[in-house]
Amino acid sequence: MKYRENPQNGDQLSLIGFGCMRFAKDEAEVEKEIRYAIEQGINYFDTAYIYPGSESTLGKVLAKGLRDKVKIATKLPPYLVKKYEDFDKLFYEELKRLQTNYIDYYLMHMLTEVSVWERLVGLGILDWIKEKKDKGEIRNIGFSYHGGKDEFIKIIDAYTWEFVMMQYNYLDENNQAGKSGLQYASSKGLPVMIMEPLRGGKLVSNLPKQVYQLMNKENADRSPAEWAFRWIYNHPEVTVVLSGMNSMEMLEENIRIASVAEANAFDTNEYQLFDQVREVLNNTIKVPCTACNYCMPCPVGVDIPTCFSCYNDREIEGKFAAIGKYIMQTSLKSTPSNASLCIQCGKCESHCPQKIEIRNELKNVKKSMEGFYYKPARFVIKKFMKL
Ligand code: SF4
Ligand code: SF4
């Protein structure tokens, strides 16, 4: 395993961090994976108050003598804080779930704009942080972020942060905070933790044929996931890259890549490869949804990320395959979850870190994926599946 140093405090952090948002379903399997990850040198585990069951599951495993071998990163959900007392209420609940008495890396979860931080400051968070740091209950304070570059810089400048977490991958080099945001954070001496390195899996499977051809031509031994990780590791400004690893196979592959990849290692051909791949992908992806689920649940049951995923796949996998998938995925439930159910209430849009115009895009999904065939096909499937 390769490590990069946190320039603020000298911590040696594993290049790949364990993203704990979606653990495997079986607890014994999760424990096996966490133990294996630690044995192989992964020492950064990222969870959050709002990831269902994640903090408790991680806490249960780490309590078996593993706590001191890792750094735990977890997050405060700012929108659940209404008054000063809520800081303690949420934080101590997190400590209890994680079965620990300190958090190594504590983040304000998804600060979308500086005003969200200012509201917390108004509620007294600066005194609260000082108290927690004095007691040794919080070691480092940071924030996670999904918005644009300008607001990212404003938030960085609004406080003496000790680390930041941002979305970054080869398709988002110039989206969101992007490369310039990464460089700005690094120029301030901040370690940068990266999320969405594979863009919710979109950079791994069902890519256009042309992308596979381009990648194989450059180096047939590297999978699309390996290319995507190597692209990020090539940036010296990056400290830890988080990956949601919920199978042993994925864990082994990611550890292998993080054990060999270097910063500033790309040659001209490799840089050119990514220019070409980006061009192909940008021509195919219609909705930049990362399947983060922050917009969910929808009050009328629309499965927003699934609708967008199938819609995007139409360009990549072809019309019939994508529509078939859409019908199956929006019908194989006791209640339907297709795009045309949307009542245009708009509740989802303010939660979307990608600033997707969800209502408009769902209209497009409805138009392309719910032709005359949709209802009869759904009827047949439901009858067949006895739903
Ligand atoms: S706008 Fe549509 S998809 Fe979004 S929450 Fe409202 S009904 Fe659901
Ligand atoms: S629409 Fe936005 S909030 Fe919803 S899953 Fe996609 S990226 Fe996340």
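As the structure lists them, so they are numbered: ligands from 1, and atoms in each ligand from 1. These values consider heavy atoms only, across backbone and side chains, with no hydrogens, waters or symmetry-generated copies. It should be emphasised that the depicted structure is a prediction, and the values quoted were computed from it without experimental measurement.
- Heavy-atom proximity to Pro353, at under 4.0 Å, picks out these atoms of ligand 2: 3 (S).
- Neither side chain, Tyr170 nor Asn234, offers a donor N or O lying under 3.5 Å from an acceptor on the other.
- Taking a cut-off of under 4.0 Å to the non-hydrogen atoms of Asn293, the atoms of ligand 2 that pass are 5 (S), 8 (Fe).
- For Tyr105 and Phe163, the distance between ring centers is under 6.0 angstrom.
- Residues lining ligand 1 at a heavy-atom distance below 4.0 Å are given as Cys298, Pro299, Val300, Ile304, Cys342, Ile343, Gln344, Cys345, Gly346, Cys348, Arg359, Leu362, ordered by chain and residue number.
- Not one N or O on the side chain of Lys347 forms a donor-acceptor pair closer than 3.5 Å with the backbone of Gln344.
- Using a 4.0 Å cutoff on heavy atoms, Pro288 does not count as a contact of ligand 2.
- Around the NZ atom of Lys32, the shell of radius 6.0 Å holds no more than 12 heavy atoms that belong to other residues, nucleotides or ligands.
- If you number the atoms of ligand 2 from 1 as listed, the ones under 4.0 Å from a heavy atom of Gln354 come out as 7 (S).
- Among Tyr145, Tyr106, Trp117, the one residue that satisfies the ring-ring contact (aromatic ring centres under 6.0 Å, His included) test with Trp161 is Trp117.
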Please test Val192 against Ile194 for side-chain contact (heavy atoms from CB on, under 4.5 Å), starting from the C-alpha separation and ending with a verdict.
CA-CA 6 Å; Val192 184; Ile194 299 297; 3.8 Å; yes
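- Judged as a ring pair (Phe, Tyr, Trp, His ring centres under 6.0 Å), and not counting sequence neighbours, the contacts of Tyr271 are Phe266.
- Put simply, the side chain of Leu107 does not reach to within 4.5 Å of the side chain of Met193, judged on heavy atoms.
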